[in-house]
Amino acid sequence: MNIENLFTEKTTINISVVKLHKQKINKTIFNQLLIYSPFTEDFHLRRQVKFFGFVNEKVKWMLWTDDESIYKYEMKRAAKFAYLNLDDEKLDEFKKIYPIRQIRYFKESHDEDHYNEYDNDRTIVSAILNEEEKLEIEKKQVIIRRILDELNERQIFL
């Protein structure tokens, strides 16, 4: 292997800079940004969301705005939902990510004992979802994966 071939003499790198009131956002300002999800509890995009990119500061943070404020949100939290496998995910873990009341089974069930049968169970999520619910969740996952992929191409340096 020729080591010299691993190095380049010339390269062009685009660096993204985010400014707030004409001042570049630095680590001090970044650390003061509110942590807020660009997604609702059930992973719909909030209104007016625009993404700037991501900042790699101990963890990867997506930087976004709603045209009123700038926020940061840990990318790993969105990725948990985006990449979960409904055929493998256990209900007790799924409930930590997705609001269980959105699922038809629990909305329609009035039998508290039946709910508790699944509540602490290691039941696979796909076993209690109907096809419509699976499709809805999978569509949201595709959108969030695309957002995460695009964010990974847009690193912001502080």
Side-chain angles (χ1 to χ4, degrees), residues 6-8 10-107 118-119 122-158:
L6 297 176
F7 295 87
T8 182
K10 293 182 182 180
T11 189
T12 302
I13 299 173
N14 293 323
I15 297 178
S16 298
V17 175
V18 178
K19 292 185 177 185
L20 181 63
H21 300 294
K22 298 182 182 181
Q23 181 181 356
K24 180 180 176 273
I25 291 183
N26 57 29
K27 284 187 179 186
T28 304
I29 294 171
F30 176 79
N31 289 335
Q32 294 179 47
L33 294 177
L34 291 176
I35 299 171
Y36 189 58
S37 177
F39 310 104
T40 61
E41 182 182 43
D42 60 343
F43 291 93
H44 288 285
L45 270 175
R46 296 186 187 281
R47 292 183 181 189
Q48 307 295 332
V49 169
K50 298 282 187 227
F51 295 98
F52 295 113
F54 81 93
V55 173
N56 197 8
E57 177 64 23
K58 297 180 183 154
V59 297
K60 287 173 99 174
W61 295 94
M62 59 177 72
L63 211 58
W64 68 279
T65 184
D66 61 3
D67 290 337
E68 293 180 19
S69 296
I70 297 176
Y71 305 98
K72 62 183 179 182
Y73 187 69
E74 196 172 350
M75 289 176 67
K76 170 173 73 174
R77 296 178 75 188
K80 279 184 183 179
F81 173 75
Y83 294 102
L84 70 83
N85 183 338
L86 298 175
D87 293 325
D88 290 338
E89 193 69 30
K90 304 288 191 269
L91 182 60
D92 56 349
E93 290 301 313
F94 184 69
K95 289 189 306 185
K96 296 174 185 173
I97 300 169
Y98 196 79
I100 201 72
R101 68 182 172 282
Q102 296 293 330
I103 297 175
R104 166 206 45 85
Y105 178 85
F106 293 105
K107 280 196 278 190
Y118 284 103
D119 190 34
R122 301 291 292 161
T123 302
I124 302 294
V125 173
S126 63
I128 62 166
L129 297 175
N130 65 28
E131 287 305 311
E132 184 179 314
E133 290 164 335
K134 285 181 192 176
L135 263 175
E136 179 185 338
I137 289 170
E138 288 167 354
K139 283 180 185 177
K140 292 176 192 177
Q141 288 178 300
V142 167
I143 291 168
I144 295 172
R145 282 194 299 265
R146 289 178 59 203
I147 290 168
L148 292 171
D149 288 345
E150 186 66 30
L151 281 168
N152 275 316
E153 300 295 320
R154 299 172 180 255
Q155 184 171 359
I156 298 167
F157 296 91
L158 303 179

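Residue indices begin at 1 and follow the sequence shown.
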With N26 via side chain to side chain contact (heavy atoms under 4.5 Å, CB included) - residues at least two apart: Q23, T28, I29

For E131, salt bridge (Lys or Arg N to Asp or Glu O under 4.0 Å) partners two or more places apart: K134

Name of the residue among K140, E133, E132, K139 meeting side chain to side chain contact (heavy atoms under 4.5 Å, CB included) with E136: K140

Partners passing side chain to side chain donor-acceptor pair (under 3.5 Å) against T40 (at least two apart in sequence or in another chain): D42

Presence of salt bridge, E93 and K90, under 4.0 angstrom: no

side-chain hydrogen bond (donor to acceptor under 3.5 Å, both in side chains) partners of residues 45-55, not counting sequence neighbours, each pair once: Y36-R46

Step-by-step side chain to side chain contact (heavy atoms under 4.5 Å, CB included) determination, M62 to V55: CA-CA 6 Å; M62 59 177 72; V55 173; over 6 Å; no

Donor-acceptor pairs under 3.5 Å, side chain of residues 143-152 to any protein atom, not counting sequence neighbours: which ones?
residue	atom	partner	partner atom	Å
R145	NH1	A82	O	2.7
E150	OE2	R154	NE	2.8
E150	OE2	R154	NH2	2.9
N152	OD1	K60	NZ	2.4
N152	ND2	L148	O	3.1

Qualifying salt bridge (charged side-chain N to carboxylate O under 4.0 Å, His left out) pairs with a residue from residues 64-77, counting only residues at least two apart or across chains: E74-K76

Counterpart residues, side chain to side chain donor-acceptor pair (under 3.5 Å), relative to N31 (two or more places apart): none

Partners meeting side chain to side chain contact (heavy atoms under 4.5 Å, CB included) with I97 (sequence neighbours left out): F43, K80, F81, L84

Partner residues of K58 under the salt bridge (Lys or Arg N to Asp or Glu O under 4.0 Å) criterion, sequence neighbours left out: none

